[in-house]
Structure formats: C-alpha cells, structure tokens
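We count residues from 1, following the sequence as given. Keep in mind it's a predicted model, so treat the numbers as computed, not measured.
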Amino acid sequence: QVLVVESGGGLVQAGGSLRLSCAASGRTFSGYAMAWFRQAPGKEREFVGTISWSGGYADYADSVKGRFTISRDIAKITVYLQMNSLKPEDTAVYYCAAGIFARTPGEYAYWGQGTQVTVSS
C-alpha cells in the first residue's frame, strides 16, 4: 500500500507563485515515478508533469512548460510542484500520483486526495 498526500494549494493572484508538496510512503513506494495531474470543473483530468524516481528525468505538458517545475527530495521522500506565473486557467484540483513514468492517468496506481488551486485575476 502506498499512501500519497498532497498539500500546499490555496488562492493566489494571476502572476503569482505557489508550491505544492506531495509526500508518499509505503512498502511499494520505492521505484515509482511521481506525477501531477489536474482537473477543472467540467473537464477531464489532465496531465501536468511527471518525474522519475531518481529525479533525473521530467516531462511536462506544453501548457505549463517554462512555468512549472517538478522536483524531488529523496531524503524527505517528497515531490514538489513549483508553479510560477500562474494564470486563471491553472485553476483546478491538483492530484499527486505514483506509478510509471507516463502522461496518462491509467498508468498511475496510487493517488492523493487532491488539493485546490485557485488563481484569481
């Protein structure tokens, strides 16, 4: 069992920054890639970015490239999503997931409960 818990969501004005954290634990946690997805009201869950277990490889959706950065702190067994230059269209519930390095939700077996990010203009 892998427990995934994300935090750090909140309300921020357009152009601002926010950092989300995702802590994962469990006997099967080691070796998993970690990813961030988001879901806005009335829309499908979409890929944001993913990072390999080692932190050496990362992949991002075109909509967030240059603005969002995923990083890992192995010592703390935590992954972060640093969001800069936020736009109102970034408003969504953000989910952290553990699985294989991919862009599709189906490849991730473990999910957090989600954290709300709201960007105002």
*Would you indicate whether the side-chain heavy atoms of Phe68 and Leu18 approach each other to under 4.5 Å?*
no

Worksheet item: Is there a donor-acceptor pair closer than 3.5 Å between any side-chain N or O of Glu6 and the backbone N or O of Cys96?
Response: yes

**Prompt:** Same cluster or not: are Phe37 and Tyr32 linked, directly or through other Ile, Leu, Val, Met, Phe, Trp or Tyr residues, by side-chain heavy atoms under 4.5 angstrom apart?
**Reply:** no

Nearest heavy-atom contact between Tyr108 and Ala97 is CB-CB, 3.7 Å

Heavy-atom nearest pair, Gln13 first then Val119, reads C-CG1, 4.0 Å

Worksheet item: Does Ile51 reach the side chain of Trp36, with side-chain heavy atoms less than 4.5 Å apart?
Response: no

Membership question, hydrophobic clusters at under 4.5 Å side-chain separation (ILVMFWY): are Leu20 and Ile70 in the same one? yes

Output for pair (Leu86 CG, Ser121 OG), nearest 0.5 Å, gives 12.5 Å

Closest heavy-atom pair, Met83 versus Tyr94, reported as atoms and distance to 0.1 Å, is SD-CE2, 3.9 Å

query: Taking the six-membered ring of Tyr80 as reference, does the NZ or CZ atom of Arg19 fall below 6.0 Å from its centre and within a 45° cone about the axis?
result: yes

Closest heavy-atom pair, Ala92 versus Gln116, reported as atoms and distance to 0.1 Å, is O-NE2, 3.5 Å

Value for OG (Ser52) from CZ (Arg72), rounded to nearest 0.5 Å, stands at 7.5 Å

Would you please test Arg38 and Val64 for side-chain contact (heavy atoms from CB on, under 4.5 Å) and show each step?
CA-CA 12 Å; Arg38 66 187 183 186; Val64 305; 4.1 Å; yes

#### Entry: Hydrophobic cluster identity match, Phe101 and Val48, side-chain contacts under 4.5 Å
no

Heavy-atom closest pair (Ser85 atom, Arg67 atom, distance to 0.1 Å) is O-NH1, 3.0 Å

- Answer yes or no: is there an ion pair linking Asp90 with Lys87, defined by an N-O contact shorter than 4.0 Å? no

Closest non-hydrogen contact found for Gln82 with Ser17 is NE2-CB, 3.9 Å

Is any side-chain heavy atom of Gln39 closer than 4.5 Å to a side-chain heavy atom of Pro105? no

### Task
Go through the steps for Thr115 and Ser7 under the test side-chain contact (heavy atoms from CB on, under 4.5 Å), then give the verdict.
CA-CA 6 Å; Thr115 186; Ser7 62; 5.6 Å; no

Q) Is there side-chain contact between Val4 and Tyr95, with at least one heavy-atom pair below 4.5 Å? A) no

Output for pair (Thr78 OG1, Met34 CE), nearest 0.5 Å, gives 9.0 Å

CG of Asp59 to NZ of Lys65, rounded to nearest 0.5 Å, is 6.5 Å

